[in-house]
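Contents: one structure, followed by commentary.
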Amino acid sequence: MRKPVIAGNWKMYKTIAESVDEALALKPLVTNANHCEVVIAPVFTAIKTVADRLEGSNIKVAGQDCSTEVEEGPHTGEVTAFMLRDAGASYVIVGHSERRHVYFETDAMVRKKCQAGISSGLTAIMCVGETLEQREQGNAENIVRGQLNSGLGGLTASDLNRIIMAYEPVWAIGTGRTATPEQAQEMHAFIRRVFAEGHSAKAAEALRILYGGSVKPENIAGLMAQTDIDGALVGGASLKAKTFAQIVNYQMR
Ligand code: PEP
């Protein structure tokens with residue numbers, strides 16, 4: 001049985017005070033959400049304070065990115081995965097489409113970040129997904145297969161327990177245009193098959209695959225009803241505690 005994960009990506013929004021306020025507002029609203037892991041990813045500067053204030057709650061904290069470098073050193077502007085853990089994070093998002101497309105992150109960088117996260121004791125949420133053009137050209141599966149195989153290359157069997165995949169079609173992120181539950185299910189099943197080919201059927205069966213792309217309280221139940229959808233990575237709709245809590249509590253509605 002795969003435990004769902006509902007993760008909120010706060011992107012570059014909220015000061016430390018605003019992040020703490022929102023996190024504390026979320027806490028009582030998801031306190032009974034034992035059916036899933038609840039994760040929020042504030043900006044780097046707010047991670048420590050938010051994690052401290054959430055200590056003992058069922059909300060875990062994620063970094064939105066980490067350095068490809070594992071060791072501290074002369075890398076201005078970078079933060080290691082270990083530093084995220086030191087600040088109180090338990091997860092790290094790697095390969096988000098905004099990192100890939102706006103900051104030109106390559107599959108090789110995503111792989112190093114994934115490995116850095118895992119070797120530092122974090123669970124890596126690795127994002128994959130095709131652009132609209134790639135989908136329209138019939139290339140969606142090839143793109144996702146390439147991102148998946150490259151990103152997960154070199155991981156050992158025990159590393160796989162610390163991997164969560166997120167399928168985030170680029171055309172659905174922040175656009176209000178959600179993949180239909182059927183479109184998402186089709187790609188999630190494909191990801192599970194590719195993962196089984198590259199690793200093992202057992203590891204693929206245990207792999208959590210989140211959907212991301214304009215998830216809202218209105219569409220979460222339909223997505224979660226799909227066999228291979230094991231949670232959601234939520235951007236815009238995670239910024240308000242009440243809305244995010246409705247997504248987290250999708251099965252209680
Ligand atoms: C995201 O940032 O990962 C995301 C899916 O954003 P949104 O929910 O706003 O589409």
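Predicted, not measured: the structure shown is a model, and the values here were computed from it. First listed ligand is number 1; within each ligand, the first listed atom is number 1.
In this structure, the protein non-hydrogen atom closest to atom 5 (C) of ligand 1 is E168 OE2, 3.1 Å. Atom 8 (O) of ligand 1 has as its closest protein heavy atom G235 N, 2.8 Å. Nearest non-hydrogen protein atom to atom 1 (C) of ligand 1 is H96 NE2, 3.2 Å.
A heavy-atom separation below 4.0 Å is found between G174 and ligand 1.
Under 4.0 angstrom from ligand 1, the non-hydrogen atoms of A172 all belong to its backbone. At a heavy-atom distance under 4.0 Å, only side-chain atoms of N9, from C-beta outward, approach ligand 1.
Atoms of ligand 1 lying under 4.0 Å from any heavy atom of G213, numbered from 1 in the order shown and given with element: 5 (C), 10 (O). Proximity to G236 (heavy-atom distance under 4.0 Å) selects the following atoms of ligand 1: 7 (P), 8 (O), 9 (O). In summary, the atoms of ligand 1 found under 4.0 Å from a heavy atom of S214, numbered by their order in the structure, are 7 (P), 8 (O), 10 (O).
For the pair R193 and D228, the salt-bridge criterion is not met [side-chain N within less than 4.0 Å of a carboxylate O]. Salt-bridge annotation for K14 and E22: present, with a side-chain N of the basic residue lying under 4.0 Å from a carboxylate O of the acidic one. We find that E205 and R2 are joined by a salt bridge, their nearest charged nitrogen and carboxylate oxygen being less than 4.0 Å apart. Salt-bridge formation is not detected for the pair E105/R111: no Lys NZ or Arg NE/NH1/NH2 atom is positioned less than 4.0 Å from an Asp or Glu carboxylate oxygen. Between E98 and K11 there is a salt bridge, with a side-chain nitrogen of the basic residue lying less than 4.0 Å from a carboxylate oxygen of the acidic one. A salt bridge between R100 and D107 is present, with a side-chain N of the basic residue lying under 4.0 Å from a carboxylate O of the acidic one.
Among E98, Q64, K11, the residue whose heavy atom lies closest to atom 2 (O) of ligand 1 is K11.
Cation-pi geometry between R99 and Y103 is met: under 6.0 angstrom from the ring centre, within 45 degrees of the axis.
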